[in-house]
Amino acid sequence: MTTRVTSPHDTFELNNGVRIPVIGLGVFQTPPERTVQAVQAALQAGYRHIDTAAAYRNEREVGEGIRRSGIPREDVFVETKIWVSDYGHDQTLHAFEKATAKLGFDTIDLLLLHQPAVGAFDRTIGAYRALEKLLADGQVRAIGVSNFTPAVLDRLLAEVDVVPAVNQIELHPYFTQAATQRADAEHGILTQAWSPIGGITFYGGYDGPGKSTLTDPTLREIADRCGKTPAQAMLRWHLQQGRSAIPKSTNPARIAENTDIFDFALGREDLAAIDALDTGVRSGPDPEQPQPQFFEFRIPEA
Ligand code: A2P
C-alpha cells in the first residue's frame, strides 16, 4: 500500500471519523525549558499536531507553545498520554483533569494509555473505561493506546466497548513490528510510530542494538538519490505506508527538515528495501513484561 501525502496538513481518518495530521512533533525527553520554543518552531514550520505525555513532564510548556504561536487551538491536534501510576477508573479521570489544567485546554484531541500495565491489567481496563467516559462526554475527541502488542490488544478488546483509534508503538526501520501493524489494521486502529527515525537506536540511555538508522547505507543511498536526508526518507516511508509519525527534535532546523518531506515520493522498491532493514530487536521496554517501577513514577498535580 502507498498513501498519497502532500502536506503536513494532510490527515489520516481515525476509526471514529476524527482526522489526525499525518505528522506531529514528538516531545519525549524535550526538557520543559526547551519545549515552548520547539513547539513554536514546529507550528511555524507547518506542523499542526503535537504529541506529549504526562510522563514527559512538559504538557504545560506544550500548551504555552501552542498559545504563543497565535495559531487557533482548534487548528492544532493535541495528543497526550495517561501514565501507568494514574491507572484505575477514577484515578484516570483525575489524570485527565491534571493534563487539561497543565495544557490549559478544556479538551484533548487524542488521549492514550501510555503503556499496558500487564501486571495489573484490571487497572489498565479501569483506565481505558475512563477514556471511554471522557470520549462519550465530549472531553476528548479520540482515545487510544500505546505500546500494545497484538496479544495485549486482544485482552483489552475482550473487555471494552470502544476500539482504540490509535496504537502508538516503537516503529523505525530497525524495528517494524509487522505483526502489530497487521493486528492494528485488522481492528481499524491507526498505527502511530514513536521514534520514527530510530532515535532510540542512537541516543543515550538505552542498551539498543548499537546501530544508527541515520548512517545506515541503504537509507543513505535512498536519501541521496532523492536529494533528501535519511531522516526525511524514513518519515516518507511511514507516511506512504499509512502510518502517523511523531519525530522529535529540539533543533528548529531539524524540526523543519522533518516536515520538508512533501516534495518527493519513495518508489515501491525503496519502501520494500526499508522494510527489509528490520532486525526484530526492540530498543524500548518489552510491553508484555510487568514493569512495577512504572508505578513508582508519579505525575504531579497541576
Ligand atoms: P535533536 O533534538 O538534537 O534534533 P526519534 O524521534 O526517532 O526518537 O529521533 C529523535 C532523535 O533524533 C533526537 O536525538 C533528535 O535530536 C534527532 N533528530 C531529529 N531529527 C533529526 C534529523 N532530521 N536528523 C538527525 N537527527 C535528528
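As the structure is a computational prediction, the values presented were derived from the model and not from experiment. Read the numbers this way: they start at 1 and go in the same order the structure lists the ligands and their atoms.
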(request) Please indicate whether any nitrogen or oxygen in N258 is less than 3.5 Å from any nitrogen or oxygen in ligand 1. (result) yes

Output side-chain donor-acceptor pairs under 3.5 Å for residues 131-143, partner residues at least two apart or in another chain, one line each.
| residue | atom | partner | partner atom | Å |
| --- | --- | --- | --- | --- |
| E132 | OE1 | R129 | NH1 | 2.8 |
| E132 | OE2 | D161 | N | 2.8 |
| E132 | OE2 | V162 | N | 2.7 |
| K133 | NZ | D137 | OD2 | 2.7 |
| R141 | NH1 | D109 | OD1 | 2.8 |

(message) We want to know whether T149 and E288 form a side-chain donor-acceptor pair, criterion being a heavy-atom distance below 3.5 angstrom.
(response) yes

(message) Give me the nearest non-hydrogen protein atom to atom 16 (O) of ligand 1 as residue plus atom name, then the distance to 0.1 Å.
(response) R254 NE, 4.4 Å

(message) Looking at T259 and G46, would you say the former's side chain and the latter's main chain have a donor-acceptor pair under 3.5 Å?
(response) no

(message) Just by distance, no angles: are the side chains of S244 and Q192 close enough, under 3.5 Å, to form a donor-acceptor pair?
(response) yes

(message) Give me the residue, atom name and distance of the protein heavy atom closest to atom 14 (O) of ligand 1.
(response) Y203 CD2, 3.8 Å

(request) Tell me which protein heavy atom sits closest to atom 2 (O) of ligand 1, plus the residue, atom name and distance to 0.1 Å. (result) T250 N, 2.9 Å

(request) Could you give me the CA-CA distance, side-chain angles and deciding distance for D51 and K81, then say whether salt bridge (Lys or Arg N to Asp or Glu O under 4.0 Å) is met? (result) CA-CA 9 Å; D51 168 74; K81 313 183 193 79; 3.0 Å; yes

(message) Any nitrogen or oxygen of S249 lying under 3.5 Å from a nitrogen or oxygen in ligand 1? Just yes or no.
(response) yes

(request) Before signing off on this row, confirm whether G198 and ligand 1 have an N or O atom pair separated by under 3.5 Å. (result) yes

(request) Look only at interatomic distance and state if F202 has a nitrogen or oxygen under 3.5 Å from any nitrogen or oxygen of ligand 1. (result) no

(request) Say whether G26 and ligand 1 are in contact under the criterion: heavy-atom distance to a ligand atom below 4.0 Å. (result) no

(request) Kindly confirm or rule out a cation-pi arrangement of R298 over W83, judged by NZ or CZ under 6.0 Å from the six-membered ring centre and within 45° of its axis? (result) no

(message) Taking E64 first and then R68, would you say they form a salt bridge - that is, a charged N and a carboxylate O separated by under 4.0 Å?
(response) yes

(message) Check this for me, if you would: do R225 and E221 make a salt bridge, where the nitrogen-to-carboxylate-oxygen distance has to be below 4.0 angstrom?
(response) yes

(request) Record the part of A231 in heavy-atom contact with ligand 1 below 4.0 Å; permitted values are side chain, backbone, both and neither. (result) side chain

(message) Geometry only, no angles: is P247 polar-contacting ligand 1 at N/O separations under 3.5 Å?
(response) no

(message) Using heavy-atom distances only, which candidate in H172, E257, K248 approaches atom 10 (C) of ligand 1 most closely?
(response) K248

(message) Nearest non-hydrogen contact with atom 18 (N) of ligand 1 belongs to which option: V27, I197, I255?
(response) I197

(request) May I ask you to decide if T52's main-chain N or O and N58's side chain share a donor-acceptor pair within less than 3.5 Å? (result) no

(request) Would you mind finding which of L214, T259, I261 brings a heavy atom closest to atom 26 (N) of ligand 1? (result) L214

